[in-house]
Number of protein chains: 2
Amino acid sequence: MSTIKDIAAEAGVSVMTVSNVIHNNYARVSPATAQRVREIMARHQYVPNMAARSLISKFSHIIAVLLPVWHGSAASMLLDPYTGQLVGYLEELLREKQYYVMVCSFQQADEVLTLQQTWQMDGMILVLPHEDAITRDLIQRAQAPLVVFDRYYEDLPMLSVCLNDRLGGYTATRYLLEKGHRKIGFAAPTIYESSVIQDRFQGYLSALSEYHLQTKKDWLFDGVVHQEGGEAVAHALSQMSDRPTAIVATEDLLACGILKGCQERGMQVPEDMSVVGFDDSMPAQLITPRLTTIAQDIRQKAATGVQQLFHAMEDATYRNAHAVLDIRLVERQSVWDIRHAGAGADS
Amino acid sequence: MSTIKDIAAEAGVSVMTVSNVIHNNYARVSPATAQRVREIMARHQYVPNMAARSLISKFSHIIAVLLPVWHGSAASMLLDPYTGQLVGYLEELLREKQYYVMVCSFQQADEVLTLQQTWQMDGMILVLPHEDAITRDLIQRAQAPLVVFDRYYEDLPMLSVCLNDRLGGYTATRYLLEKGHRKIGFAAPTIYESSVIQDRFQGYLSALSEYHLQTKKDWLFDGVVHQEGGEAVAHALSQMSDRPTAIVATEDLLACGILKGCQERGMQVPEDMSVVGFDDSMPAQLITPRLTTIAQDIRQKAATGVQQLFHAMEDATYRNAHAVLDIRLVERQSVWDIRHAGAGADS
DNA sequence: AAAAAAAGTGAAACCGGTATCATGAAAAAC
DNA sequence: GTTTTTCATGATACCGGTTTCACTTTTTTT
């Protein structure tokens, strides 16, 4: 563990010369000296100390990837296949640019602010697989550039990356309508508190209204999450007299729970109950029947967020941007075509 | 962003006194002074700078959680529900002790060593959802305490946390035998290169030998991974004349792929093909029929690893420990009882 | 040939803490 | 009453880099 001084001493130059070599400051050091210093560094396996560097330069090269603790269970924060994949891509993209990822669960904005200060974090990325209460607070009080995934507030300057969620909700619903469904429900972890789910919901409503249809209060399932939530929905459906023939679910795992719950309660899927999910994550391929879902390009999403972050780190005036990414429908077998009572999606 | 000097100046004391207050060094500062300084720190929202601290103290309070890049695709590194959950628990446990998690994907030991040096990482945790080539190299060359999950080398001093994998393989196989199965296959991402899978395999073999049975070369599926791998196994099975009646698969997703692939090829599951998985991760509950699997306590696993790590950080002689955690069989519906041809596991 | 500019290098201060040791005052021991 | 010990606090060096600026030497300009 040699320091810059050891290298300088061995090369017979000052530490400044070594520093200039490290930073490829060609204008300030002769090629011959640079070459000699580089060899000595290689031989010693010299690596600069980030603590010393960031102490004076004020750049830590650390990016916080913030994962809100959900329902008091920090443990499940990365369980979500979508979140895991997104974090994986973020790490990859940031590392390319010599930035490093610190994953941090948190419950309050204060925690994050303290964290940011202690580590002098250059930027922060908020990954929101689910609803949380503190995003707004954090956006307003953040001391470093902050990019938020899957949430936006129109009245707040912020950097965000979302999907075209309205189109997503619309596309899912429209697809069901075109397959002949007229009684279509909607299930989500929280319909009214999340901007993106609200958008999906609005898309759902507008597709219905194009067919001069309305939703029904009983067909709206709010506060249902993951597979358990989906099974609860299935239970409710099984008890219902005027039951919808299809459900739009805002996450795949929820959709899978509905399918599975319906099956276990003796319904045929998709014949008796069709479902469209969101995300195209791993469960979509695992469930029988395979899930028709609104897919997103997670890698592109990560790249967009990183781009925004770096833009903001370079330009202090860039603090308001809202990226909206495309979605696409992935057609599989979880939707029944009730027009000709054909077999699944491809009839 | 006030510094320790600002606080000291305002309190009319030296920086050392402030430092002692921060570290609750009761013996070195009077209660009255401590109180006064604390108030000023609170008012300024003072937070110590980790870079400055670690520069001199040599403790960064950073723990690297290393995730090997798998098949050149960094992206999928956290996709695995098991890995995600483990990382989540690790973050939670480390944060409690004021240590912070840097997630790092990597391909070569050199990368890690460089990383460890630049950040002066206090410790490293290697999470190995799958086989990799460089673990051995890394263990030998690590400059900081390193805890390895799910891998061990008998000839190398190292800190590791594994399951009782031999018992796991044995239990899964024994269970199938007791349900009347006599033709039992084994599927794994790599049977011969991973210590833990080798253990599971040995457990499988020893259970068979208790019944005076042997495996058959055709019933061993090596190099099959995830759902796709499982579906490939299913394909192979469907082509087979003398086909096993049950398979032990070393990961849930693989097991699920087999079940799903068999279904799609017209077999009845579990009637025509029973499967036992490993991990009890999310897919186990999602598949139809729900998967019988060898479960592990991931939280306990994380806690054990963290414990080893801290022990090693405090005691430089503690560099060789091998924790073996219990497993348990979770009985669900993916195994057919062929003795009385009853319905599923509970007949 | 003298003056100006550029290139190459180094000295010293500095970032924000911690470690070490010194200092002065009060308390305890003799 | 003097000496010793304890207690509370401070002065200073230091960690390993970067920034700033000064200093030579060489090259270019006039």
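Protein chains get the first letters and strands the later ones, always in sequence-line order, with residue 1 at the start of each. None of the values given here were measured: they were computed from a predicted structure.
Note: CD1 (I56(A)) to P (dG17(C)) measures 14 Å, nearest angstrom. To the nearest angstrom, C1' of dG8(C) lies 12 Å from CZ of R36(A). Rounding to whole angstrom units, CZ of residue F59(B) and P of dC15(D) are separated by 16 Å. Put simply, CG on N25(B) is 11 Å from P on dT18(C), counting in whole angstrom units. Separating the CD1 atom of I22(A) from the P atom of dT9(C) is a distance of 15 Å, rounded to the nearest angstrom.
Taking 4.0 angstrom as the limit, T17(B) places none of its side-chain polar atoms (N or O) nearer than this to OP1 or OP2 of dT9(D). For dT9(C), one of the phosphate oxygens OP1 or OP2 lies less than 4.0 angstrom from a side-chain nitrogen or oxygen of S30(A). A close approach under 4.0 Å does not occur between any side-chain nitrogen or oxygen of T3(B) and OP1 or OP2 of dG16(C). Between dG16(C) and K58(A), a contact under 4.0 Å exists linking OP1 or OP2 to a side-chain N or O. For the OP1/OP2 pair of dG17(D) and a distance below 4.0 Å, the side-chain nitrogens and oxygens of S57(A) include no atom meeting the criterion.
For K5(B), counting side-chain heavy atoms from C-beta on, the closest listed nucleotide (dG16(D), dC15(C), dG10(D)) is dC15(C). Of all nucleotides listed (dG8(C), dG10(C), dC14(D)), dG10(C) comes nearest to the side chain of M16(A). Of the candidates dT9(D), dG16(C), dG17(D), dG16(C) carries the atom nearest the N49(B) side chain, counting heavy atoms from C-beta on. Nearest nucleotide to the side chain of A52(A), out of dC15(D), dG17(D), dT18(C): dG17(D).
With a 6.0 Å cutoff to the six-membered ring centre and a 45° limit on the axis angle, R136(B) counts as a cation-pi contact of Y153(B). Figure legend: cation-pi geometry between K97(B) and F310(B), with NZ or CZ positioned under 6.0 Å from the six-membered ring centre and within 45° of its axis.
A ring-centre distance under 6.0 Å is found for H311(A) and Y318(A).
Taking the nucleotide of DNA chain C with the nearest heavy atom to each of R28(B) and R53(B), the more 5' of the two is matched to R53(B).
Atom NZ of K301(A) sits about 7.5 Å away from atom SG of C162(A), to the nearest 0.5 Å.
A salt bridge links R95(B) with E91(B): the closest approach of a Lys/Arg side-chain nitrogen to an acidic carboxylate oxygen falls below 4.0 angstrom.
Backbone-only engagement by Y46(A) is indicated by non-hydrogen atom pairs under 4.0 Å involving sugar-phosphate atoms exclusively. Looking at heavy-atom distances under 4.0 Å, A51(A) makes no contact with the nucleic acid at all. Among the protein residues, T33(B) comes within range of the sugar-phosphate backbone only, with heavy atoms under 4.0 Å from sugar or phosphate atoms but none that close to a base.
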